[in-house]
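Small disclaimer: the values here were computed from a predicted structure and weren't measured.
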Amino acid sequence: MHVFDLGIINGRIYIGGQWHTGNLYIKDNKISTISHGLLEAKEEYDAKGRAVLPGFIDPHVHFKLQFGNYTSVDDFYSGSRAAAFGGITTYIDFLDPVKNNMGLKKAFDDRMALAKNSVIDYAFHATIADLQEEPIRFVENTKTLGIPTIKLFTTYSNFDRRTSDRTIDNLLTITKETGTLILAHAENNGIILDEQKTHVVQHASARPAIAEISEVIKLAEMTKYRDGRMYIVHTNCGTTVERLKENYNSILNKDFIIESCPHYFILSSSKYLQREGYLYTMTPPLRSDREVKKLNHQIDNIFTIGTDHCPFNSIEKNKEFIDDIPMGIGGVEYSFPLMYERFGEKIIDKFTKNPAIVHGLYPRKGTLLPGADADIVIFDENKQYIINENHSDVDYNIYKDIEITGKVCSTIAKGKFVVKDGVFVGGEGEYVPREIKYQ
């Protein structure tokens, strides 16, 4: 008789946008079958009254990131542990920025060495800083590492990280033939006020909304003209998405893909007027109430949700001027519950199937179909609580004291509990090479 390793019984199972009441069975780290009847398993977990979801994929985190003299608080162990409490079973971090192929392999080896104690699966995006290499050669080298995604910056010229429009144009011409996706941190470098002694209260006005809006529209035009593929990270202005919908609907979330982050939906730039406004500093900054409202209205036109998780402790951020503050906040633990409470079921694919497809992880990840990795979240849609726990190593939580409905109860990665009924069990993640196939 066929005996399964784990049976998750009596749950509401989410598959392909529909709910199925039944039992899900796991064998050899994979989803094996879904049944209305009870089958024999070595272990059973009763999910009665709760949702059984695909493991969440965070396409945008920064664990152990060097920022000048600072290093982000969470390493790959503590960051992945906090992510598991949030239902995340796979995340994509970033290699350090490089200018050529010579630096690429070292950047990859360095991150792999740091990631070996991750408790869930992980992948990497390559990152370029003013690439001084033939684009096609660089792309071919990233692909040998299992990395089909390359991030660039249209700003940070003061840190020698800005990529020129000519290089972006050259990259866009080869994305589809090479199965590559270009990720862009999009801000108009000429509009940003890049001066010393910018006070925290000036953070949003120094990097204004129009800096993102104008740069994203330019990149959309370049992408459409070159028939390329591009992905905009941490989109933060509702107007940006409005303009794309109005003028670039034919490529929106097909060849020109939009990611955003929970904090841009929930918090606004009014935080910078508070005494502890420095705690809410990240780049790009929080936006006006008007832009936040617009962004919430545009949720259907945003394809993926990442967290841009990159926290620093409060003593490191407690500075008067932006130039002295390491940019970044935490977010992995409560990203899904916060967005689910706000938007309901429509948010599920933005955490699962969509990032898996876009970033070359589907169908191994992002679905509960038989044959996929047994990455599963047990989610209680009715659990009410106030956010006060923090499983990250950072000493504060920007979402503390928010009252919320919806809690991740258990997280299963490749058929084994990493978090079980709110208790950390442990886990062993592995590097996942990726491949993007375009039609």
Less than 4.0 angstrom from a charged side-chain N to a carboxylate O is my criterion; do [X] and [Y] meet it?
X	Y	result
K420	E43	yes
K293	D289	no
E381	R12	yes

TODO: Take K414 and E430 through the test salt bridge (charged side-chain N to carboxylate O under 4.0 Å, His left out) and record every step on the way to the result.
DONE: CA-CA 10 Å; K414 291 177 297 188; E430 62 182 352; 3.4 Å; yes
Open item on the list: Strictly by salt bridge (Lys or Arg N to Asp or Glu O under 4.0 Å), give each pair with a member in residues 56-72 just once, sequence neighbours left out.
Closed with: none
Hey, what's the ring geometry for [X] with [Y], parallel, tilted or perpendicular (30° and 60° as the breaks)?
X	Y	answer
H234	H60	tilted
Y385	Y334	tilted
F153	H185	tilted

Task: Between Y45 and D421, a side-chain donor and acceptor under 3.5 Å - done: yes
Task: From Y91, Y70, F124, F94, residue fulfilling ring-ring contact (aromatic ring centres under 6.0 Å, His included) relative to H62 - done: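 The ring-ring contact (aromatic ring centres under 6.0 Å, His included) with H62 is passed solely by F94 among Y91, Y70, F124, F94.
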Open item on the list: Working note: D393 + R81, criterion salt bridge (charged side-chain N to carboxylate O under 4.0 Å, His left out); need CA distance, chi angles, decisive distance, verdict.
Closed with: CA-CA 10 Å; D393 277 357; R81 179 188 62 201; 3.1 Å; yes
Open item on the list: Is it the case that over 12 heavy atoms from other parts of the model lie below 6.0 angstrom from the CD atom of E428?
Closed with: no
- [ ] Quick one: do E291 and T239 satisfy side-chain hydrogen bond (donor to acceptor under 3.5 Å, both in side chains)? Show the steps, please.
- [x] CA-CA 7 Å; E291 287 294 345; T239 300; 2.7 Å; yes
Open item on the list: Can you tell me how far apart CE (M327) and OG (S72) are? Round to the nearest 0.5 Å.
Closed with: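 One gets 13.5 Å once the value is rounded to the nearest 0.5 Å.
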Quiz: residues 400-407 side-chain donor-acceptor pairs under 3.5 angstrom, not counting sequence neighbours:
none

Open item on the list: Test side-chain hydrogen bond (donor to acceptor under 3.5 Å, both in side chains) on T304 and Y231; report intermediate values, then the result.
Closed with: CA-CA 10 Å; T304 64; Y231 177 102; 2.8 Å; yes
